[in-house]
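I have placed the structure first, in the form of structure tokens, so that the comments after it can refer back to it.
No experiment lies behind these values; they were computed from the predicted model shown. Below, chain A is the first sequence line, B the second, and so on; all start at residue 1.
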Number of protein chains: 2
Amino acid sequence: MPRASAPRFTRMTSEDRRAQLMDVALAGLAKGGIQEFTVDRICQAAGVSRGLILHHFGSMGGLLAAVYARLYRETTPNLASLPTDLRLDALIDGTFAPKAFNRDTLNAWVALWGQIANTPKLREEHRRQYATYVEDVSAAIAALPTAPGRDIDARPLAKSLICLIDGLCLQHCLDPEAMPAEAAKEACRTFLAAQLG
Amino acid sequence: MPRASAPRFTRMTSEDRRAQLMDVALAGLAKGGIQEFTVDRICQAAGVSRGLILHHFGSMGGLLAAVYARLYRETTPNLASLPTDLRLDALIDGTFAPKAFNRDTLNAWVALWGQIANTPKLREEHRRQYATYVEDVSAAIAALPTAPGRDIDARPLAKSLICLIDGLCLQHCLDPEAMPAEAAKEACRTFLAAQLG
DNA sequence: ATCCTTACTGAATTACTGTATAGTAAGAGC
DNA sequence: GCTCTTACTATACAGTAATTCAGTAAGGAT
């Protein structure tokens, strides 16, 4: 049939559509947690039909893993690209910047954490990202000038710092007023000052 | 109709039935996360009919809040009952004891955290518990003999410690081998030693 | 032995779940 | 302008969701 009116839908490149769907899904997680992560809601919000998610991601679990990777890439400071002496400051400033340290974003994180145990694809994604995260932070710590008479084991310290950061994020998410960004930064700096000298 | 056979069901006191349903729901959260927290699964596991949860808890949100309170009471060390000089040790030993620091229990915690933002009753419950938790840990820190030439602000330190603990729990839950109990204990002790002297 | 409170059942309601799949059409390449 | 790839729609399917509610019956009280 010859085209009689405007196209019923617009095609995107696979990459663009995937990005759009991930963004919409992420916004849903941020706003309403895992309950918002459904085929219907995501497709309606994106203005596409129900079948498209499966076409691009294979399953909802696939989309969830992709969303995790995207959130990690968008909110975790990229340390590797910086000179070693600036990395720890960049980690703290980046982690607690408004872009990353806000209730919506952290809501999405917590929702994703809650799914890791039950979603194999997500668990793989998490382990991969976490391994490089620990590696990056360890390298940043190891690159610091060692204080005289003190030798530090970078890896466990990096893991502790990451756990502290995760805990601070969790607190801010569950009750923002109980843990504002400034207090969280201060906690990290105190932690590092006490353990690095 | 006169009783012709064994009773079709046994009545419990409201209190006992509530406890049973909370336990069953908790076991579900531990095993399969929030997806397992449904009327059907809980009632089937408890051997009761679908209507009973609503009868006792008003809604699934009510049950969720009750489960949160129960989990807190069962796994968080009770510091108030101890002499002040033992409290911090008790906190660390209790938190990382197998009863509390295992994948199933922590799974339940993470699943509950993921619901706090969307379940008003649960949020209230969390704020209440968290406030007393911070209070208890602050008191335990404040009760320590102050090292000479050092003055510590107990409250922020307590909050930091709690965040570190939460982060360690989260790590263990998401990837137990990456954060065994001993490493977690060590991280807390190092944290305290460095910041308290 | 009967009453009465209330723990409890179980079906109906209404709405939504992810996945499968048959078919449509957009728009780039030729 | 035609063809071809594949992004995309639309519907069917088989479950599963929480909540409502009318009615049943257990078992302590009297």
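- Residue A:His55 places its side chain closer to D:dT6 than to any other of D:dT6, D:dT20, D:dA26.
- Ion pairing of A:Asp89 with A:Arg189 is present here, as a side-chain N (NZ or NE/NH1/NH2) and a carboxylate O approach within less than 4.0 Å.
- In this view, B:Lys185 and B:Asp93 satisfy the salt bridge (Lys or Arg N to Asp or Glu O under 4.0 Å) rule, not counting sequence neighbours.
- The existence of a salt bridge linking B:Arg123 and A:Asp175 is excluded, since no basic side-chain nitrogen approaches an acidic carboxylate oxygen closer than 4.0 Å.
- Using bins of under 30°, 30° to 60° and over 60° for the plane-to-plane angle, the ring pair B:Tyr133/B:Tyr130 lands in the perpendicular bin.
- Summary of the strand contacts: B:Gly51 and B:Thr13 both lie near DNA chain C, and taking for each the nucleotide with the nearest heavy atom, the more 5' one is attributed to B:Thr13.
- On a pure distance criterion of 3.5 Å, a polar donor-acceptor pair joins the side chain of B:Arg50 and the base of D:dA18.
- Across all strands, A:Thr10 comes closer than 4.0 Å only to sugar-phosphate atoms, never to a base (heavy-atom distances).
- Here the P atom of nucleotide C:dG27 and the CZ atom of A:Arg8 are 12 Å apart, to the nearest Å.
- Regarding B:Met60, its CE atom lies at a distance of 10 Å from the C1' atom of D:dA17, rounded to whole Å.
- Contact check on A:Arg155 versus A:Glu135 returns a salt bridge, with a Lys/Arg side-chain nitrogen under 4.0 Å from an Asp/Glu carboxylate oxygen.
- Residues of residues 15-40 of chain B having a heavy atom closer than 4.0 Å to DNA chain C, listed by number: B:Arg17.
- Backbone-only contact: A:Ser59 has heavy atoms under 4.0 Å from sugar-phosphate atoms and none from a base.
- Judged by distance alone, the side chains of B:Arg41 and B:Gln44 never bring a donor and an acceptor atom under 3.5 Å apart.
- Comparing D:dT16, D:dT24, D:dT9 against the side chain of B:Arg41 picks out D:dT16 as the nearest.
- For the residue pair A:Gln195 / B:Gln195, no side-chain donor-acceptor distance below 3.5 Å is found, with atom types taken as modelled.
- With rounding to whole Å, A:Ile53 atom CD1 is found 11 Å from D:dT9 atom P.
- Summarising the geometry, the separation between CG on B:Leu52 and C1' on C:dC8 is reported as 6 Å, rounded to the nearest angstrom.
- Of the candidate nucleotides C:dA20, D:dT9, C:dA7, C:dA20 has the atom nearest to the side chain of A:Leu54.
- Salt bridge absent: B:Asp104 and B:Lys31 never bring a charged side-chain N and a carboxylate O closer than 4.0 Å.
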Would you tabulate the nitrogen or oxygen pairs shorter than 3.5 Å linking the protein to nucleotides 3-5 of chain C?
none

>> For a salt bridge (charged side-chain N to carboxylate O under 4.0 Å, His left out) check, start with the C-alpha distance between A:Arg128 and A:Glu125, then their side-chain angles and the critical distance, and finish with the verdict.
In response: CA-CA 5 Å; A:Arg128 199 173 14 251; A:Glu125 191 61 41; 2.9 Å; yes
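- If you take CZ of B:Phe57 and P of D:dA18, they are 15 Å apart, rounded to a whole angstrom.
- Rounded to an integer number of Å, the gap from CD1 of A:Ile42 to P of C:dT19 is 11 Å.
- In this structure, the CE atom of A:Met12 is 24 Å from the P atom of D:dT5, given to the nearest Å.
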